Asker: 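Supplied in structure tokens, the structure appears directly below.
Because the structure is predicted, anything quoted here is derived from the model rather than measured. Heavy atoms only: backbone and side chains are in, while hydrogens, waters and symmetry mates are out.
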Amino acid sequence: MTSDNDRRRGLLARLRGRPVARSRGRRRLGAAVRLAAALMLAGGAYTVFAPGVQAQDNPPLTAAANEGKALFDVSCVTCHGRNAQGVEGRGPSLIGVGSASVEFQVSSGRMPMARQEAQAMRKPPQFTDEQVRQLGQYIQELGGGPQVPSGNLRDGANMSTGGELFRINCSQCHAFGGGGGALSSGKYAPSLKPASDRQIYAAMLSGPQNMPVFGDNQITPQEKADIIAYIQETLKSDQDQGGFNLGRYGPSTEGLAIFLVGIVALVFASLWIAGKS
């Protein structure tokens with residue numbers, strides 16, 4: 001009798017537990033269905049909106065940039081690679097350098113380089129001003145970066161302030177007269193005499209070779225205009241109150257001239273006086 005009662009109770013317990021198990025299973029199944037539906041909805045939304053996002057990330061190039069790309073693919077791709085990503089051992093990536101770097105390097109003839117050297121030398125440019133602008137526009141639209149503003153870069157400049165800024169920030173390498181000077185590892189600071197307004201501005205923005213970058217946070221656009229005015233209107237003038245400028249390389253040339261000319265003259269004068277006496 002006891003065993004029959006136990007069996008009945010166990011059967012009743014199992015029968016009572018089935019609805020609970022079924023309800024839990026239904027809840028789990030419903031959660032899985034809802035999760036699958038959410039994933040399908042998210043996938044559909046991505047499929048709809050992703051092409052638009054991609055189109056915004058890669059906008060079409062302007063006409064000038066397309067012309068610049070054609071020039072780049074002919075003259076620059078060997079060293080800088082497709083899409084200007086750079087080629088190891090040949091040329092760096094140009095992504096993010098901006099049109100300022102392109103304008104300085106190409107308009108001054110430093111690029112394209114004839115061979116790998118410690119420093120790119122200034123040469124007659126191989127591209128016209130319009131082609132330089134197109135190349136710069138292509139690199140600008142490809143990766144962004146600093147740009148040289150348009151218009152008169154010396155507008156409202158103060159040459160006195162520019163001279164002070166030049167002596168503080170530039171004379172250590174380019175010398176007080178702008179004639180340039182030697183640096184380490186076969187590099188040098190070039191003479192500023194052949195540089196145009198836009199090349200000087202682009203050099204300050206891009207920092208070519210060993211030159212540091214002088215962004216707008218370090219030297220404001222107005223201060224850049226002051227420096228350019230001082231270089232172009234004072235350093236490039238032929239007004240040398242002391243007579244011969246000796247190349248404007250600073251006190252080293254003056255000291256050498258004094259030694260070779262002055263000391264030698266004093267020695268011969270001493271010998272002549274001694275001979276007469």
Asker: Any chance the side chains of S108 and R110 put a donor and an acceptor closer than 3.5 Å?
Answerer: yes

Asker: V102 versus Y138: any side-chain heavy-atom pair under 4.5 Å?
Answerer: no

Asker: Just so I know, are the side chains of R82 and Q85 near enough to count as touching, which here means a heavy-atom distance under 4.5 Å?
Answerer: no

Asker: Taking atom CZ of R122 as the centre, does the number of heavy atoms from other residues, nucleotides or ligands within less than 6.0 Å exceed 12?
Answerer: yes

Asker: Closer than 3.5 angstrom, by distance alone: can the side chain of D226 be matched with the main-chain N or O of N158 as a donor-acceptor pair?
Answerer: yes

Asker: Using the rule given for side chain to side chain contact (heavy atoms under 4.5 Å, CB included), can you reason through T234 versus F166, listing the C-alpha separation, both sets of side-chain angles and the distance that settles it, and then say yes or no?
Answerer: CA-CA 11 Å; T234 301; F166 180 88; over 6 Å; no

Asker: Quick check: closest heavy atoms across G136 and S99, and the distance to 0.1 Å?
Answerer: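 For G136 versus S99, the nearest heavy atoms are O-CB, 3.3 Å.
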
Asker: Go through D129 and R133 one step at a time and tell me if the salt bridge (charged side-chain N to carboxylate O under 4.0 Å, His left out) criterion holds.
Answerer: CA-CA 6 Å; D129 292 342; R133 185 186 69 83; over 6 Å; no

Asker: Mind listing the closest non-hydrogen atom pair of A202 and F104 along with its distance?
Answerer: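 Smallest interatomic distance, heavy atoms only, reads CB-CB, 3.8 Å.
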
Asker: Taking salt bridge (charged side-chain N to carboxylate O under 4.0 Å, His left out) as the definition, give me every residue that meets it alongside E117, ordered by chain and number, with sequence neighbours left out.
Answerer: R115

Asker: Decide if atom CD of Q119 counts as having more than 12 heavy atoms of other residues, nucleotides or ligands within a radius under 6.0 Å.
Answerer: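 Buried by this count: over 12 neighbours within 6.0 Å.
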
Asker: More than 12 heavy atoms of other residues, nucleotides or ligands under 6.0 Å from CG of D216: is that the case?
Answerer: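 Atom CG in D216 is packed in, count exceeds 12.
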
